[in-house]
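Here the structure is a predicted model, which means the values were calculated and not measured.
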Amino acid sequence: MHYSLRFSGNDYLTSSLDKLASGSLDTDITLQCWFKTTDSGTLISHQASGLLLSIQSNGSLRFIIGGESSIKGVLSAESGFNDGRWYHISAVKHIEGLTILINGQTIAVIPIDDIETRYSDVSDSVSPFYVGAWHHENTVADHFSGDIGAINIYLAALSAEKVMECICHPQMFDDSNRVLSLNFDRQAECLNPVALYFVGRAIGRALPIGLISVVIRNDSQSELLKVAKEDAASYFPEVLKAGEYHRVYIPHVSEIALQAVYHDELSNVNRITIDLEASQFDPRVSLNSFANEDSRLVTQKSIKLNVHNLYVAEVYIGDNPVVVQGLNFTSFMREMALCVPRDQVTTLSEDSRYQYNEKAQVFNRKFQFKPLAIVECITEQDVANTFKCATRNNLPIRVRSGGHDHEGECSANDTIVIDLSQLTLASVTATQITNEYETDQIKFEGNEQGIKRVRVTPGVRFETLTTVLAQNQVMIPHGTCATVAIGGFIMGGGWGPWTRKHGMCCESLVRARILLGDGTIHELTINPNEKDLLWALKGGGGLSYGIITELVIDTFDLPKLIQKFELSWNPYQLGSLSLPIHAMPTLDVLRQWEAVIKDKSNVELIGTNLKVSAKHSEIEEFDYQTVTHKCVMYGYFDGNETKLREFVNDKFGAEPLLTITGVGGSDVPNMDYGLNLASSWDRESLYNIRQLLSHKNAAPIPPDLDDPAPHKITSRLVDANGLACDSSVENGYEALLKSLTSSLLGPANVKLGLFSYVTLGAITGEFYQNKDVVNTLHSAFPYKDRLYTIQYQTWWNEKVLDVAKEQDNKVYLHLNRALDWMDDARDCRINGTGGAFISFKDSSIPTKTYFSTSYIDLMKVKQHYSIDPLNHFRTRKTIL
């Protein structure tokens, strides 16, 4: 059943309203009302004057005003106003034309000469004034569905300043030109009711003018008792039963500071959700307060000002000094509705809470961010539209391709996350090149030298990318984690199992498409004579310069046969974590590994890293030459198993245990490269440890090895000469091994799934040892001359243990001390080391340290090329 109000001959109207039907188009008129709908229909109509204000099916607004012989109208330039939110509309007819303002902001203005004129057959000068419908004997009634409130009509063209004054102070605003002022409520519960609801459903309690609505909900399973607070005692109920919901009204004040604390006597946990509504006409802000671990999932907002009919709030965006009006996000969502499908935008609501929490997760579960919205971009234009809408509304952005940033800087609280994981290549228009073909998200093309190039979008993960490349018998220098996406990886430099032979992945980048700070997209190509944007993208860190939408990378021919292998020293014994009797000193392992990667003749060793597990020790002074740690060398070898075993025996002797964990290459048909050869090298597996301790054989690729988990990482790099002992300086080996032997690490940490270790990633090899090649490289990666990286890591695999245990999880008894160990490791002095690798990000390390000799040039590139004067492309570790 539909409702509309017919006002004719009642006290709401005055004789001044007759001027609307006088037939004079010279009369200035301002029509105002509040409305909320998810549908369409007429808000206000008056047949005699030809006046009509309506919302169209696409969410745009139609304003018509006419006279005896003609009707003139304007359709709003923006749409999407049927999104279920409250809007204040002012429709103004003035001598210059017609104007529509939403929430005090002009969205459409049409000069009088440009307005369509059509004949009006309205002749009834005493026709009624309708709210919520258009009635005419020759047409079907057009009823409105939704809420309408606080209608005002002025026989004057109000300025934008006057309109804003009407919104903020409706009771104080007094204008002699006002001929109609309606405040109504079907339930008529208060002296100044503000809302009328149509379509026959009860509205519930309407919010009286001058009051703020506070919703209190007990989400726990226990009864909560209020802790007495002077400022809240008169408003909030004494007891909240489990699942109970309360709404209370609090008198309006210019600043609001309310505190409601409830206590659960049984579990000593305070759990309460408080929703503050500025008014019936504006979006609400949720303030959630928990005393348990879930508080990490809460978005914190600070309400500074709350005036009737206009919600104004300051939102502090993490450490980003951006202060936005509370309406900015509403405006952003309205604009996004016009250019990006709604199912690609996820926000936190009761209906989408589970989906939102899942999409908000980043790889490092140590961080639990709550962005304002997560936009999954399907096309390059989606990226541009989202960026423009966010920056136009003064909202900060983050960009996520795979989400593996170790400091979580691909996301943040109260930001717009531009997610590139769904970006498909079909949206990109590129120059047609001969010898080009496409598969899924990947395209191949040939260059002048016959080298195949892969054209790929930044969100494609290595598990997919490497498999497709291998099927075409080519490869790129990928990483060691199958779920990492190519975008962030290549901008950090891109270390992996092919680094010794083919260098960092960034060295193979030849073209890119990038969105700059002005919202335009540019194609970048190599200019070897200039340190430009493409140079900066090749190892200069992510996000600093723009948003990458496409990458073109040179490939190399896949060897006929690759052995992925592990060498183990001092392994854990079955049934215990003690070391075997015949242990090999860690120093000897390290020296052997260093010698192998330095040797230019070892070209069959494609790439390698060495993992050395940290261990508990109560003894500060020990013999570094005899101390033992569990060591695992991971490697790719070009050749068959026989040649690999000969290589191991020649370089390492019979001490280590050799395990072949994967086989691939162009001669291996139907190989799933991403599953068998691109899995993690640098994670300890709790599954593996448990299998070992239970006397069972561990699977080669344990299920938790590449899963997201909370962790902390820091890094440095070793000089070209390595850690060799020099009598004139402190021994670098001794300092490194001391850092790996600490009383801060509990002896039972490994059993609990708390792993602390270093991985040493070889950089030097066939590629960077060739000085002719190095001299031609056009990349910002500054550490081409280093021997290897040192990556300190601590992971706690709580997923496998049982997250539901929360603080009962024994991992947390030892976690703080393990993180203290990370701080000590970062700060310890190890001669022969320096710098840091941006892909192993630690926010405590100065930004300049990551980029070394490239730092100054990278700052110049960002300032000159990125067209980002307001520094939207910023996180803690971007260049500026």
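Proximity of Lys862 to Asn871: side-chain heavy atoms (C-beta onward) are separated by under 4.5 Å at one or more points. Residues Phe363 and Thr483 are in side-chain contact: their nearest non-hydrogen atoms beyond the backbone lie under 4.5 Å apart. Side-chain atoms of Thr555 and Met475, non-hydrogen and from C-beta on, never get closer than 4.5 Å to each other. When side chains are defined from C-beta on, Leu787 does not count as touching Ile763, because their heavy atoms never get closer than 4.5 Å. Between Val668 and Leu561 the shortest side-chain heavy-atom distance falls below 4.5 Å. At least one side-chain heavy atom of Lys712 sits under 4.5 Å from a side-chain heavy atom of Asp842. Counting only heavy atoms from C-beta outward, the side chains of Val589 and Val612 never approach each other to under 4.5 Å. Looking at Phe873 and Ile867, their side chains never come closer than 4.5 Å, going by heavy atoms from C-beta outward.
Outside the 6.0 Å centre-distance limit, the rings of Tyr733 and Tyr624 are not counted as a close aromatic pair. Centroid-to-centroid, the aromatic rings of Trp495 and Phe837 stay 6.0 Å apart or farther. Between Tyr768 and His502, the ring center distance fails the sub-6.0 Å criterion.
Using a distance-only test at 3.5 Å, with no hydrogens or angles considered, a donor-acceptor pair links the side chain of Asn570 to the main chain of Met584. For the pair Thr608 (side chain) and Tyr634 (backbone), a donor-acceptor distance under 3.5 Å is present. Side-chain atoms of Thr466 never come within 3.5 Å of backbone atoms of Tyr673 as a donor-acceptor pair (strictly under, hydrogens ignored). Proximity of a side-chain donor or acceptor of Asn609 to a complementary backbone N or O of Leu760 within less than 3.5 Å is not detected. Distance alone, capped at 3.5 Å, places no donor-acceptor pair between the Ser421 side chain and the Gly402 backbone. Judged purely by atom type and a 3.5 angstrom limit, Arg500 uses its side chain to pair as donor or acceptor with the backbone of Thr764. Between the Lys564 side chain and the Gly664 main chain, no donor and acceptor come within less than 3.5 Å of each other. Looking at Thr776, its side chain does come within 3.5 Å of a backbone N or O of Val773 through a donor-acceptor pair. Remark: side-chain polar atoms of Asn676 are paired, donor with acceptor, to backbone N or O of Asp672 under 3.5 angstrom. Side-chain atoms of Ser866 do not come within 3.5 Å of backbone N or O of Gly546 as any donor-acceptor pair.
Counting only N and O atoms by type, the side chains of Ser779 and Glu507 include a donor and acceptor under 3.5 Å apart. Checked by atom type, the side-chain pair Ser739/Tyr792 shows a donor-acceptor distance below 3.5 Å. A donor atom on one side chain and an acceptor atom on the other are found under 3.5 Å apart for Thr549 and Glu380. Side-chain N/O atoms of Ser715 and Lys841 include no donor and acceptor closer than 3.5 Å. Of the N and O atoms on the side chains of His629 and Ser613, not one donor lies less than 3.5 Å from an acceptor on the other residue.
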Subject >> Full working for side-chain contact (heavy atoms from CB on, under 4.5 Å) between Thr759 and Leu610 >> reply: CA-CA 5 Å; Thr759 53; Leu610 177 68; over 6 Å; no
**OP:** Check the pair Ser756 / Thr794 against side chain to side chain donor-acceptor pair (under 3.5 Å), numbers first and verdict last.
**Re:** CA-CA 4 Å; Ser756 299; Thr794 288; 3.0 Å; yes
Subject >> Ile713/Gln791 under side-chain contact (heavy atoms from CB on, under 4.5 Å): CA gap, chis, key distance, verdict >> reply: CA-CA 7 Å; Ile713 284 178; Gln791 182 183 10; 3.3 Å; yes
**OP:** Show your working on side-chain contact (heavy atoms from CB on, under 4.5 Å) between His478 and Cys505 and close with a plain yes or no.
**Re:** CA-CA 7 Å; His478 59 79; Cys505 190; over 6 Å; no
**OP:** Applying side-chain contact (heavy atoms from CB on, under 4.5 Å), run through Ile553 and Val510 and close with a yes or a no.
**Re:** CA-CA 6 Å; Ile553 306 166; Val510 294; over 6 Å; no
**OP:** Quick one: do Arg716 and Thr833 satisfy side chain to side chain donor-acceptor pair (under 3.5 Å)? Show the steps, please.
**Re:** CA-CA 7 Å; Arg716 62 182 70 194; Thr833 68; 3.3 Å; yes
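For the pair Arg511 and Glu523, the salt-bridge criterion is met [side-chain N within less than 4.0 Å of a carboxylate O]. We find that Glu409 and Arg398 are not joined by a salt bridge, their nearest charged nitrogen and carboxylate oxygen being 4.0 Å or further apart. Under the 4.0 Å criterion applied to side-chain N and carboxylate O atoms, Asp554 and Lys452 are not assigned as salt-bridge partners. Using a cutoff of 4.0 Å between basic side-chain nitrogens and carboxylate oxygens, Asp599 and Lys651 are scored as salt-bridged.
Taking both residues in full, the closest heavy atoms of Leu717 and Ala836 are given as CD1-N, 3.5 Å, listed atom of the first, atom of the second, then distance. Gly487 and Leu551 make their closest contact through CA-CD1, 4.2 Å (heavy atoms, listed as atom of the first residue, atom of the second, distance). Contact between Gly539 and Cys506 at its shortest, heavy atoms only, is N-CB, 3.9 Å. Smallest separation of non-hydrogen atoms from Leu423 and Pro458: CD2-CD, 3.9 Å. Residues Leu658 and Leu644 share a closest heavy-atom pair of CD1-CD2, 4.2 Å.
Between Phe647 and Phe652, the ring planes are perpendicular. Angles over 60° get that label, and only those under 30° would be called parallel. Aromatic ring pairs are classed by plane angle as parallel below 30°, tilted from 30° to 60° and perpendicular above 60°; the pair Phe840 and His406 is tilted.
Note: Glu550 CD to Ile521 CD1 = 10.5 Å, rounded to the nearest 0.5 Å.
For Trp593, the ring pair (Phe, Tyr, Trp, His ring centres under 6.0 Å) partners are Tyr788, not counting sequence neighbours.
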